[in-house]
Amino acid sequence: MTDAPRRTVYLDHGASSWPKPPGVVEAVASAIAEYGANPGRGAYAMGLAASRLIFEARRDAAMLLGVRDSADLAFLSGCTEGCNLMLKGVLRPGDRVVVSSVEHNAITRPLHVLEQRGVRVDVVEADERGVVDAGRMEEAVDAAPTRAVVCQHASNVTGAIQPVADLADIAHSAGALMLVDGAQAAGHLPVDLGSLGADAWSASGHKGLLGPQGVGLLYLRPGLDVEELSQGGTGGSNSEEPGQPTARPERYEAGTPNTPGIAGLGAAVRYVSSHADELRSEERRLARRLHEGLLAIDGVRVLGPEPGEPRVPIVSAVTLGVAPDRVAFELDRRYGVAVRAGLHCSPATHRTLGTLETGALRFGVGFGDTDADIDLVLGALAEILA
Ligand code: PMP
């Protein structure tokens with residue numbers, strides 16, 4: 001007799017949400033089974049159906065994110081590609097960029113390349129909770145001519161929500177662009193890109209938007225001229241022209257799109273749109289229950305904002321005396337709990353928080369998690385650390 005498969009208590013939604021809400025798996029499968037033709041190419045029924053599916057996904061994502069013209073949203077492979085595009089598409093040698101000290105490497109690595117090409121990168125330290133201070137940002141921006149301010153919308157380590165609208169005002173007053181990594185905000189926070197002030201905002205489809213991996217969204221403010229990363233592969237429009245189409249979104253969507261991924265994202269976005277309030281209040285409640293439970297365990301220090309302060313549903317902790325990767329291993333092996341340990345692709349954040357040596361244990365709460373899951377994890381942690 002074999003053991004029944006153990007249910008995974010999944011608390012790694014900060015990396016990828018799982019499971020997916022009703023309709024997402026079916027939408028991916030039917031895009032492959034029923035619409036498996038290239039959109040935007042053939043004028044036959046299957047190609048047109050694929051084009052329609054992409055049009056609807058873009059329209060519904062635009063609606064959720066407060067984007068008036070859905071052509072200002074491009075489907076890319078994920079937030080990383082969008083971050084590369086918005087940075088490399090506007091920054092030129094001699095430009096200065098001011099960036100927070102708590103960015104993911106989807107920002108810091110492209111900036112590292114740009115720095116080697118002659119872009120000046122100045123860093124503004126976030127506070128001990130990982131929150132970016134608008135006053136400090138203003139001082140840095142005003143200190144020298146600045147082409148762009150770059151900041152995350154929310155942190156994948158501390159869950160801290162950054163004052164993006166204030167930072168955008170500061171950037172614009174100085175004639176700079178506001179470029180935002182929205183990976184951890186998308187889906188979890190109400191986002192209105194029409195009024196936020198971001199000139200560019202990049203997000204993953206597979207985190208809080210509850211879509212499949214391999215697809216993300218980049219918003220570019222109307223009229224902003226950003227150079228594309230790739231050219232070609234798009235035969236559907238202006239085939240006779242030697243250059244990449246300049247119209248949006250075609251300019252940024254070279255090659256055959258990820259139609260199954262976009263189909264899944266479309267279904268996910270419709271689910272998030274119709275359940276946003278309950279999804280957000282439930283994940284906030286569970287994250288707070290976890291946060292308060294962690295604070296009650298001896299030998300645990302929680303990073304980031306205090307309980308009750310704004311955060312997305314990510315809670316990271318340092319475990320004194322036992323390395324986080326050991327704790328994560330025990331949680332998985334003995335209790336079937338999936339969490340992430342380490343630096344979470346953001347050594348910059350851990351440097352800011354003083355946790356570069358230890359790293360942390362990260363709990364990402366989300367769709368499908370329950371009170372029983374949170375209580376199981378807290379009990380397991382207390383046993384492991386006892
Ligand atoms: N920025 C942040 C803040 C993230 O948390 C992540 C995902 N870990 C990314 C960027 C990269 O996103 P993607 O996996 O969609 O490329």
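Ligands are counted one by one from 1 in listed order, and the atoms in each one are counted from 1 as well.
Across all their heavy atoms, Tyr252 and Leu76 have their closest contact at O-CD2, 3.4 Å. The minimum heavy-atom distance linking Gln244 with Glu228 is given by the pair CB-OE2, 3.6 Å. The two atoms that bring His350 and His344 nearest to each other are NE2-ND1, 3.3 Å, heavy atoms only. In this structure, Tyr35 and Ala49 approach most closely via the heavy-atom pair CD2-CB, 3.2 Å.
Listed by atom number, the atoms of ligand 1 under 4.0 Å from Ala106 heavy atoms are 10 (C). Annotation for ligand 1: atoms under 4.0 Å from non-hydrogen atoms of Gly78 are 15 (O).
Across Gly216, Gly364, Ser204, heavy-atom proximity to atom 15 (O) of ligand 1 is greatest for Ser204. Nearest to atom 8 (N) of ligand 1 by heavy-atom distance, out of Lys207, Arg340, His344, is Lys207.
Closest to atom 5 (O) of ligand 1 among all protein heavy atoms lies Gln184 NE2, 2.7 Å. Of the protein's non-hydrogen atoms, His104 CD2, 3.3 Å is the one closest to atom 4 (C) of ligand 1. Here the heavy atom of the protein found nearest to atom 1 (N) of ligand 1 is Asp181 OD2, 2.6 Å.
Considering Arg311, Arg280, Glu283 as possible partners of His188, the one that fulfils the side chain to side chain contact (heavy atoms under 4.5 Å, CB included) test is Glu283.
Only side-chain heavy atoms of Ala183 come within less than 4.0 Å of ligand 1; its backbone N, CA, C and O stay farther off. Using a 4.0 Å cut-off between heavy atoms, Thr80 contacts ligand 1 through both its backbone and its side chain.
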For residues 170-187, tabulate all N or O donor-acceptor pairs below 3.5 Å that involve a side-chain atom, not counting sequence neighbours.
from	atom 1	to	atom 2	distance (Å)
His172	ND1	Ala168	O	3.2
His172	NE2	Gly197	O	3.4
His172	NE2	Asp199	OD2	2.7
Ser173	OG	Asp169	O	2.8
Asp181	OD1	Ala183	N	3.0
Gln184	NE2	Gly14	O	2.9

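Salt bridge annotation for Glu282-Arg285: present, with a cationic side-chain nitrogen under 4.0 angstrom from a carboxylate oxygen.
At a cut-off of 3.5 Å, with distance as the only test, a side-chain donor of Asp373 or Thr370 sits close to an acceptor on the other residue.
Residue Cys79 has at least one N or O atom closer than 3.5 Å to an N or O atom of ligand 1.
Proximity of His206 to ligand 1 is established by a heavy-atom distance of less than 4.0 Å.
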